Every structure is written in structure tokens, then in C-alpha cells.
Amino acid sequence: MKPTRAVGVIGYGGYIPRYRIDAAEVDRVWRGSGKKEGRSFKAVPGPDEDTTTIAIQAARNAMDMASIDPEELRAVWFGTESKPYAVKPTSTIVADAIGALPHANAADWEFACKPGTEAMQAAIGMVGSDMARYAMCGGADTAQAKPGDVLEYTTGAGGAAFILGPGQESVAVLQASTSYVTNTTDFFRREGQEYPNHGQRFTGEPAYFHHIRSSVTTLMEEIGAGPGDFTFAVFHQPNSQFPLRVAAELGFARDRVEPFVLTNLVGNTYSGAAMLGFAKALDVASPGDRILLASYGSGAGSDAFSYEVTDKIIEVRKRGVPIERYLKRKKLVDYAMYARYRGKLRRN
Amino acid sequence: MHFARSWRQQSSNLRLVGSRCASCDAIFFPERIRCTGCGSSELKDYRLSGRGTISTVTRVFEAPRGFESQVPYFAALVELEEGPIICAMLTDVDQEDVSVGKKVSMVTRRILAHGDDGPIIYAYKFTPELEG
Ligand SMILES: [Zn+2]
């Protein structure tokens, strides 16, 4: 799928909270198996942070880079599965914070870990059809896990935002995008439940791998490209092994993928994961580079995108905040502080 | 009522919208209806950059009601680059990060949540500028 007029990313930004917990610390509390420290961490939102504040900072960083009048945005769309309000959009708060209201569409998107890329496809359609000059999309999460669950080792926090606009203003122009979606119950949370469930035998091969392989293969056929045509490839990253394995299966060289797998540094940021990886790829890309972005959301589906980086990237990204700065800014917390910050200790 | 007050303050809370005097260019935060410099009542909304420096800072151990869960925290007077001085909480900081003259910038955080079923108030705090 591609729009009738050229569309691309005119600005982007990410955000990662400052606090980190070592997976070995989670292990110490619940299993005591003596896991080695220093191998993998996850980002922990501070006591005054949530998905909304993460999305606001990512959106502000994207706006600074794009340097456009916020009133020219016709949509502010964020995807998440950890909304602070069950009813009341996060996107209206984000849109207000960047000054985009009231003449903009604002809505929250939901599809496990891939609502941000769904919103990206819709934003591409909106700009590509000339309904809007600019539209913002993004994904942010503060992923929750049941204390002691295997998910608790990796559920991180972070997000990213992208502003789509006309191709001639873009730092990366879209070639095409595809989606591959099935009705698969691999991971879910019932209404009113605090923590999600993973349907064991449906995760992995029939879920993540099948859907990403399908969306990416279809995309490459559609634009007549092969894995060798992409400088970088960014995949959804629930852990550090899955993206590397799916990349290898699809024929992408490991060194084109690994720098954008942030799971060992910040955990699985759910709706933010593939989008933060894509932002990091744009931070280091050169004009002419082609970047593949492939998300995955349980339930289940994958959206794939091919972007070509333009000359504008060199000047425009200087106005932004490199993801690397957030990766470097970190303060380790122990399980007790993590439990306090995440609201796992109730005082009333 | 809390609800209505926070709704009215939303734009200054989320975007640091203050006022600028049309006749003498003085800038105020929060919004004013009359300029304290020249007395003019021709003031327009003005969005501040959110960048400033710490001019006074203190650590709070005994917090006002509603802020207990954030203790201990730092409260500061921040001098914005446009001139106004604003009283705000600092966030994502340790003792060694805070000193008079330190450059800080505005972020939006959860300031208050009214119980488990009331509205969440988002507003400005300040944090040290990211190191390059
Ligand atoms: Zn005046």
C-alpha cells in the first residue's frame, strides 16, 4: 500500500524514563537463581510518570525537530496498552501539551504492541490523501507484569512519536507499507484485570514469527526489494533474541539489525519498542539509506514499512534529542524502589 | 471545586502559557490581567520556552496533602530565561544534581491524582537538561 502523493517523516522523537532495574535483581527477589548482573535492564517509569507523560515528551521532541506550528497538525494519535485512564483519551492530553488543539483529531489506538504503527499507517493515509498537511502518531507504554511472572524481567517503559508530512519536507520518505493480521489469541488481558496473560503455545512461531515474516515478505514483493536493499531493519523486540532470529530467517545481516534492538537496555517497551528502534535508526542513518520497520502486536498482526532517508536528515535531526542520550541517562534502582515507583506497594 | 480549577489552569500547567504586555513587553507567569511594570491591561497569552536556571532549592520531607507519595522531593524557584520566576518541583534528580545556577527545563508529569477514581492532574516540573 502506498499513498497517491509522497509522504514521509518530517520529525521524530523518543523518550525513555531515567530509572533502570537489572533483570538479575528481579531474579534475586523471586527465584534466587543467581543470574549474573549487568546483562539486561529494563526502564522503570518514575513515580510521577505514566504513558501520558512519556508520550508528551516524545511528542515535544518530535515537534522541536519538525519545527512546525502545532496548529498545523490535524491528528495526534497515540497507541498504548497502558492507558492511565480507562475512559478518557491520552492523546487529547498530549495534543493539548504540544498546543495542537482544538482543530485536530485526537484518539488512542489499541492493538497490543502495534497500535503506534497502525496510527502511522492512518497518518500516512491522511497526509497522502491531502486531508492534512501534518499528522502525529506514536506509541508509548509502561508495561505491567504480575510480580514474579517471567514477563517481569522485561516489561519496560518508553515511547516515540513521528510527524508525517509531505514527501518534499521529509527526512525519510515512505515507499510502501503493508499489514498482515489474523485472529490469534497469543497474549491478552481481560477487561478489569490488572495483568496480562500469555497463551503459551501460541507465542513465538505462530504469532511473532509468522506475522512479521508475512508482512515483511509482502512488503518486499510489493516494492521489488530484497533484504540486501535495506541499510537497517528494525523489528518489534519483546526480547533480544526474537528480532535477531526473524531477521536471520528473512535474510537480513545481523549488524543491520542488532544496533536497534534496545531490549537489553530498556526492556520491552511494548507500543514504544519498534518505534524507538526506528527513531534510533534515523538518528544514525545517512541520506539514501533504506530502513525497514516491522512491528508486531499480539492478537495478532504486523505492520511493515519501507522508508528512504533524504538529505534533509542531516540538518533536521540536529534539532532533536538522540535516543542515545536517554539510553545513557540512567539510575539503577533495587526491587524495593521499583515496587514503590510502580505502585506495587499499597498503603491504603 | 478542584475539577474546575484544574481545568482552567490546564494550559498554564501543560504548556507554560503566561502573559506578555503589549506595551512594555514584560512577561509574566502565571497569566496576569494587568502589567505590574507599566499598568497596561493589554496583555496577550505568551508561551514560555520552559528553559531556566535554579535560583533556590530545598528538599521536602514533609509534604502538603496529596503529595505525600512523592516524598522526598526537591522544590525550587526556577528563573525562566524570559524572566519570570516560577515555583516548581524538580524531578529525576538526586542531591548531587541540584545546585543554584543549574540549567533545567520543563517536563510534564503527574502532579496529583485524586484517589483511585478521580482525575489525574498533569503539570510542569523541572529537570536538569540532558547531557549530550
Ligand atoms: Zn507593561
Side-chain angles (χ1 to χ4, degrees), chain A residues 14-19 44-61 63-64 69-71 83-88 90 92-102 142 318 320-333 340-341 343 345-348, chain B residues 3 6-17 45-51 60 63 66-75 88-97 105-132:
Chain A
Y15 179 78
I16 299 162
R18 175 191 189 222
Y19 303 101
V44 177
D48 58 359
E49 293 187 290
D50 62 20
T51 295
T52 307
T53 65
I54 289 171
I56 288 172
Q57 195 58 47
R60 282 205 181 111
N61 292 343
M63 287 299 289
D64 285 347
D69 179 349
E71 293 185 358
K83 281 161 63 84
Y85 285 105
V87 176
K88 152 81 190 161
T90 283
T92 52
I93 309 170
V94 178
D96 195 10
I98 60 172
L101 296 182
T142 55
K318 285 182 189 162
V321 181
I323 302 301
E324 192 63 36
R325 279 194 208 162
Y326 286 115
L327 294 173
K328 274 198 210 139
R329 179 188 79 143
K330 56 179 185 235
K331 182 183 178 176
L332 270 184
V333 291
R340 177 182 169 183
Y341 288 175
L345 304 172
R346 309 275 310 188
R347 296 198 298 171
N348 46 26
Chain B
F3 228 160
S6 60
W7 185 79
R8 283 198 305 273
Q9 290 171 346
Q10 238 171 220
S11 51
S12 51
N13 280 345
L14 288 173
R15 280 177 275 134
L16 285 190
V17 175
D45 281 0
Y46 183 81
R47 192 168 164 186
L48 293 135
S49 68
R51 285 185 297 271
V60 177
F67 294 86
E68 301 90 338
S69 67
Q70 303 187 53
V71 164
Y73 61 83
F74 292 93
M89 289 164 78
L90 303 180
T91 188
D92 290 347
V93 286
D94 297 315
Q95 187 76 57
E96 59 269 28
D97 303 318
S105 53
M106 187 268 280
V107 291
T108 302
R109 294 295 170 93
R110 285 170 82 114
I111 300 288
L112 263 180
H114 297 293
D116 279 341
D117 57 358
I120 303 166
I121 308 302
Y122 294 95
Y124 53 81
K125 288 191 180 183
F126 285 79
T127 191
E129 289 192 340
L130 275 184
E131 278 159 35

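By convention in this document, chain letters (A, B, ...) are assigned in the order of the sequence lines, proteins followed by strands, and residues within each chain are numbered from 1. Everything numeric in this text was worked out from a predicted model, so none of it was measured. Scope of the values below: all heavy atoms of this structure, side chains included, with no hydrogens, waters or symmetry mates.
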Query raised in the report: Would you say the side chains of B:Thr108 and A:Arg60 form a donor-acceptor pair under 3.5 Å?
Result: yes

Report task. Give the member of B:Asp94, B:Asp92, B:Val17 that has the highest number of heavy-atom pairs under 4.5 Å with chain A. Result -> B:Asp92

**Report entry** Top of B:Val93, B:Thr127, B:Ile111 for chain A proximity - count of heavy-atom pairs under 4.5 angstrom
**Finding:** B:Val93

**Report entry** Option in A:Gly46, A:Pro84, A:Ala86 with maximal non-hydrogen atom pairs under 4.5 Å from chain B
**Finding:** A:Pro84

Report summary line: Answer key: most heavy-atom pairs under 4.5 Å with chain B among A:Tyr85, A:Tyr341, A:Tyr326 is A:Tyr85

Report task. Kindly write out the residues that satisfy side-chain hydrogen bond (donor to acceptor under 3.5 Å, both in side chains) with B:Asp117, not counting sequence neighbours, or none if the list is empty. Result -> none

Query raised in the report: For A:Tyr19, is it the side chain, the backbone, both or neither that has a heavy atom under 4.5 Å from a heavy atom of chain B?
Result: side chain

Query raised in the report: Quick one: does B:Arg109's side chain have a donor or acceptor within less than 3.5 Å of a partner on A:Pro47's backbone?
Result: no

Report task. Find the distance between NZ (B:Lys125) and OG1 (A:Thr53) and round it off to the nearest 0.5 Å. Result -> 9.5 Å

Query raised in the report: Can you name the one residue among A:Thr52, A:Asp96, A:Asp48 that meets side-chain contact (heavy atoms from CB on, under 4.5 Å) with B:Tyr122?
Result: A:Thr52

Query - Interatomic spacing from CG in B:Leu130 to CZ in A:Arg18 - rounded to 0.5 Å - result: 11.0 Å

Query raised in the report: Can you name the nearest heavy-atom pair linking A:Pro70 to B:Arg47, along with the distance?
Result: CG-NH1, 4.2 Å

Report task. Could you tell me the separation between the CD1 atom of A:Ile93 and the CD atom of B:Gln10, rounded to the nearest 0.5 Å? Result -> 8.0 Å

Requested in this report: Kindly write out the residues that satisfy side chain to side chain contact (heavy atoms under 4.5 Å, CB included) with B:Glu129, not counting sequence neighbours, or none if the list is empty.
Outcome: B:Arg51, B:Lys103, B:Ser105

Query raised in the report: Which atoms of A:Gln57 come close to chain B, meaning under 4.5 Å heavy atom to heavy atom: side chain ones, backbone ones, both, or neither?
Result: side chain

Query raised in the report: Can you tell if the side chain of B:Arg110 reaches within under 4.5 Å of the side chain of A:Pro45, non-hydrogen atoms only?
Result: no

Query raised in the report: Can you find a pair of side-chain heavy atoms, one from B:Pro119 and one from A:Lys88, that are under 4.5 Å apart?
Result: no

